[in-house]
Amino acid sequence: MENITFSKAELERYSRHLIIPEFNIEGQRKLKAARVLVVGSGGLGSPLLLYLAAAGVGTLGIVDFDVVDESNLQRQVLFGREDVGRPKVEAARDRLQSLNPHIQILTYNTPLTSDNALDIIKDFDVVADGTDNFPTRYLVNDACVLLDKPNVYASIFRFEGQASVFNFRNAKGEPGPNYRDLYPTPPPPDLVPSCAEGGVIGVLPGIMGSLQANEVIKVITGVGEPLSGRFFLFDAASFETRILKIRRNPKNPLNGEHPTQTGLIDYQDFCGVGQADESPQGQVKSITVQELQKLRESQADFQLIDVREPYEYEIAHLQGDLMPLGQLDAHLDKISSSKQVVVHCRSGKRSAEAIRHLEQKYGFANLYNLEGGILAWADQIDPSLAKY
Amino acid sequence: MPKIIIPTPLRKFTDNLASFEASATTVGAAIQELTSTYPELKKHVLEEDGALRKFLKVYLGDEDIEGLQNEQTPVAPEATISIIPAIAGGNH
């Protein structure tokens, strides 16, 4: 570590670390020598990357395949208005490099997949998981266990946050629990909150991502007691916190008593994502937004039904009859069984579910799903419509 | 009375109630009491055979009930039971 040296500018920049007795220049050297991969540069990734760059982590890797969207700016404080439309990894690199020119930024403008995860992660010392879906959560966890890397974890939902440090080796070299010790299997897709039930208070990823950054720094420097074997829960609405114990599960397929999994798997399949739509009974008749526009222009006699929630209708609507998915049965008498009925939601998923329900339970045969939902309408027909 | 803390994603089935006071003396019976009061919650918490669903964690205080006596774990009147679902959000 002694071969890690600092310029005068760096010493001045990091001076508030250097004067903490238990941190000092040793801690700063460890940060400079460290390589940290942040997966996802969104809500959690923004504070993570900003604080880790500011703190002087020598090499930061960023994985994200997305571009900056206007709706990101409510919480993704890494980006500004001028970044809208740019790949996130590029916007992030520019911002971080301007914050700290003494560090190296490596960017991966790609989704993390079973094909590339081991290759990308293997050269890093610590991974911080700021992703937003179950398949990638399990992928990051499994890759970290297989490669023996600590995984600093946080996730959020509305006002609720969770954090832990997974797969952390203690002073005796024993690995701590990982995500699969906590949740061996993911929830089935129909029980995962849909986009209608999503949403997050903008400050929460700031709080949880900052906690993650703090844990990353502790893992690297050895200062303090990392959140390993413990599960931190924060309810931002009630301001209640809980810390629960996590123990290793002997049945863990990766590193339990009888491991059965020695490589990465198909995580979309593991989490059941996409299966419902591919099954024959899952298919419903559909029309495109262009076809809907023609129906409207020709003043055809058809009914448009919107199965979203009233608060979504407030953001943007196509003047459809509002019948939220959960209350469809109460609106049966308002659904035409004779003329063509087009059903839409935000992206097309809930409306397909609504059609399957109405076909199977009540025998409707005149229902058409609007492909891509109101988002596709906003993209291809009416750009003035707000997207969310 | 033992208290069950309801996590945000499940509150839509409990009329937005954040915690529930049970009178039962085991974790399993307390959760049965909760799901009988809010039947919509049942399929999200229990399998068809009445076992707890695998993608949820149930804690008594700060201990996972799997390390205690599972559903049979006795609960004291002042105990707090937490139902903790996996949540995945963070990037978008």
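All chains are named by letter (A, B, ...) in the order of the sequence lines, taking the proteins before the strands, and each is independently numbered beginning at 1.
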Original post:
B:Gly67, B:Pro7, B:Gly61, B:Ala18: which one forms the most heavy-atom pairs within less than 4.5 Å of chain A?
Top reply: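 Heavy-atom pairs under 4.5 Å are most numerous for B:Pro7.
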Pairwise side-chain contact, [X] with [Y], heavy-atom cut-off 4.5 Å (strictly under):
X	Y	result
B:Phe55	A:Pro188	yes
B:Pro9	A:Phe157	yes
B:Ile5	A:Arg242	yes

If we ignore hydrogens and angles and just use 3.5 Å, is the side chain of [X] paired with the main-chain N or O of [Y] as donor and acceptor?
X	Y	answer
A:Tyr183	B:Pro85	yes
B:Lys57	A:Leu182	yes
A:Ser155	B:Ile87	yes

Original post:
Is the CD atom of B:Gln69 crowded by more than 12 outside heavy atoms at less than 6.0 Å?
Top reply: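 Counting neighbours around CD of B:Gln69, more than 12 heavy atoms of other residues, nucleotides or ligands fall under 6.0 Å, so yes.
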**OP:** Evaluate whether atom OH of A:Tyr51 has more than 12 neighbouring non-hydrogen atoms of other residues, nucleotides or ligands under 6.0 angstrom away.
**Re:**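 No, because the 6.0 Å sphere around OH of A:Tyr51 holds 12 heavy atoms or fewer from other groups.
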Subject >> B:Thr80, part contacting chain A, at a heavy-atom distance under 4.5 Å >> reply: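 Neither part.
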Original post:
What part of A:Leu204 is in contact with chain B, defined as an atom under 4.5 angstrom from a non-hydrogen atom: side chain, backbone, both or neither?
Top reply: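 Answer is neither: A:Leu204 stays 4.5 Å or more from chain B.
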Subject >> Interface moiety of A:Pro186 toward chain B, non-hydrogen atoms closer than 4.5 Å >> reply: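 The answer is the backbone of A:Pro186.
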Subject >> Gap separating the CD atom of A:Glu160 from the OG1 atom of B:Thr8, nearest 0.5 angstrom >> reply: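 A:Glu160 CD to B:Thr8 OG1: 3.5 Å, rounded to 0.5 Å.
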Subject >> Salt bridge flag under 4.0 Å for residues B:Arg11 and A:Asp235 >> reply: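 Here B:Arg11 pairs with A:Asp235 in a salt bridge, since their nearest N and O are under 4.0 Å apart.
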Original post:
Below 4.0 angstrom, N of the basic side chain to O of the carboxylate: do A:Lys251 and B:Glu66 qualify?
Top reply: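 Looking at A:Lys251 and B:Glu66, the cut-off is not met.
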Original post:
Would B:Ile84 and A:Leu244 satisfy side chain to side chain contact (heavy atoms under 4.5 Å, CB included), going step by step from the backbone distance to the final call?
Top reply: CA-CA 10 Å; B:Ile84 321 278; A:Leu244 311 178; 3.7 Å; yes
